[in-house]
Structure formats: structure tokens, C-alpha cells
Amino acid sequence: LLDSTTLKSFCVSWSLVCVTLHVILPCRLLLRNQDRSIDLQTNNRSLDVMEMSGYICGYLSCVFYLGSRFPQLYKNFQRRSTEGTSYVLFALAMMGNGAYGLSLVLKMPAGESSRALYFLHRLPWLIGSFGVLFLDVFVSFSY
């Protein structure tokens, strides 16, 4: 699908983006916390730049995390074998994703009106954890 030069360029670019985000976002968060200590009046309905950045990162994480399973599924399908695939890795990932997804669901607030907002705010992480769990079931069945 991709030649090695394209894949290498993509990996280097993605690494630079990740490093940049890991430097910029914490700095922005520190500045935001200082601003919030000065002005405690915030509107709970509107999203600020930091929250929107968090959602964007969450959805990007979800897409890449889900996409990480397709190469293995494709390779297993092409070879008609799971040789060389670590089942322990997938079993532990399944347990971790199941526990993480359940922790988000079980922490859901009791109030009916706040449930929808809670669910909406955690949607990318729920899709990521339960979606990868679903894909890992396919890898497990291929054993």
C-alpha cells in the first residue's frame, strides 16, 4: 500500500506533531488554569480552545487506535494464519479496553439530564475503547 519512504515520512511527521502537542498543550493548560483562577465565571455550555483541542485529540486518537488493528487483521487474512501474532498482547488489550470503557460507563452520573452530556463528552474514548475491543474479538476468533 505505502512504500517505505512514504511510511517513514509519515511516521516522522506524526512524531513531530505529537511532540509539539505534548509541549504546547501543557503550556496552554497552565496558562488557562492561571486565567481561570482570576476569572471564575465560565460558561459551561460553550467550548473553549483547550476543550476543543481535547476533543480533536480524542477523536484523532480514536481513529488511529481503531486503525491500528486493521493491518493485523488484513495480514492474518492474507496469510490465512495468525503465526507470529501475540495472543497475550490482544488478550491484555481486550481486558484493558473493556475495563477502561466500563469505567467510563460506570462513572456516568445518576441524573437523566446530565447523562447525555456526560456520554457526549466521553464519546471518542468510548468509541476507541469499545471499538478496539470489538476488533480484537475478530483477531481472537482468527486463532
Handout entry: Smallest separation among heavy atoms of Gly131 and Leu66, with atom names
Key = C-CD2, 3.4 Å
Fill in the blank from the handout: Closest non-hydrogen atoms of Gly128 and Cys62, given as atom of the first, atom of the second and distance, are N-SG, 3.7 Å
Handout entry: ring-ring contact (aromatic ring centres under 6.0 Å, His included) against Phe134, all qualifying residues, sequence neighbours excluded
Key = Phe138
Practice task
Taking Thr82 for its side chain and Thr85 for its backbone only, find out whether a donor-acceptor pair lies under 3.5 Å.
Solution key: no
Practice task
Check whether any side-chain N or O of Ser129 sits under 3.5 Å from a backbone N or O of Trp125 as a donor-acceptor pair, and report yes or no.
Solution key: yes
Handout entry: Point-to-point distance, once rounded to the nearest 0.5 Å, from CG of Asp136 to CD of Gln72
Key = 10.0 Å
Completion exercise
In this structure, CZ of Arg79 is separated from NZ of Lys75 (nearest 0.5 Å) by 5.0 Å
Handout entry: Qualifying residues under side-chain contact (heavy atoms from CB on, under 4.5 Å), relative to Met108, sequence neighbours excluded
Key = Arg115, Tyr118, Phe119
Handout entry: Contacts of type side-chain contact (heavy atoms from CB on, under 4.5 Å), residue Phe130, not counting sequence neighbours
Key = Val105, Leu126, Leu133
Exercise for the section: Go through Leu123 and Tyr59 one step at a time and tell me if the side chain to side chain contact (heavy atoms under 4.5 Å, CB included) criterion holds. Expected result: CA-CA 9 Å; Leu123 190 59; Tyr59 279 108; 3.6 Å; yes
Practice task
Identify whether NZ of Lys or CZ of Arg in Arg80 sits under 6.0 Å from the centre of the six-membered ring of Phe77 and within 45° of that ring's axis.
Solution key: yes
Handout entry: All pairs passing salt bridge (Lys or Arg N to Asp or Glu O under 4.0 Å) where residues 55-65 contributes a residue, at least two apart
Key = none
Handout entry: side-chain hydrogen bond (donor to acceptor under 3.5 Å, both in side chains): pairs with one or both residues in residues 95-107, sequence neighbours excluded
Key = Tyr65-Asn97
Problem - With sequence neighbours excluded, residues passing side chain to side chain donor-acceptor pair (under 3.5 Å) with Arg122 - result: none
Handout entry: Residue Gln78 excluded, over 12 heavy atoms near CD under 6.0 Å
Key = yes
